[in-house]
Amino acid sequence: MIEQVIAQKARGNAVIANSVRTKMYLKGIAVDKYTAVSPDDPAVMQKVREIAREFGVVV
């Protein structure tokens, strides 16, 4: 889900992708800590949904 938010917001632009990652870190989501095989944490998923809504991204 995190990578979906980054990809949709950045639209292939690496600079924007890095900016989105930084903003997510500042909002409490350690992007590098989570992978596709990480267990789902409902609290983190809710926070990612809120961040996606702020960015105007649909997940």
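Just so it is clear, the structure is predicted and the values come from calculations on it, not from any experiment.
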Quick one: salt bridge (Lys or Arg N to Asp or Glu O under 4.0 Å) pairs with a partner in residues 17-26, sequence neighbours left out? E3-R21
What pairs of residues pass the salt bridge (Lys or Arg N to Asp or Glu O under 4.0 Å) test when at least one of them lies in residues 38-57, not counting sequence neighbours? K27-E54
Going from CE on M45 to CD1 on I29, what distance comes out if it is rounded to the nearest 0.5 angstrom? 11.0 Å
D32 side chain reached by Y25 side chain, heavy atoms, under 4.5 Å: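 Yes. Closest side-chain heavy atoms under 4.5 Å.
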Please list, one pair per line, the donor and acceptor atoms closer than 3.5 Å that link side chains of residues 6-15 to other protein atoms, with sequence neighbours excluded.
residue: Q8; atom: NE2; partner: V58; partner atom: O; Å: 3.2
residue: K9; atom: NZ; partner: F55; partner atom: O; Å: 3.3
residue: N13; atom: OD1; partner: V15; partner atom: N; Å: 3.0
residue: N13; atom: OD1; partner: I16; partner atom: N; Å: 3.4

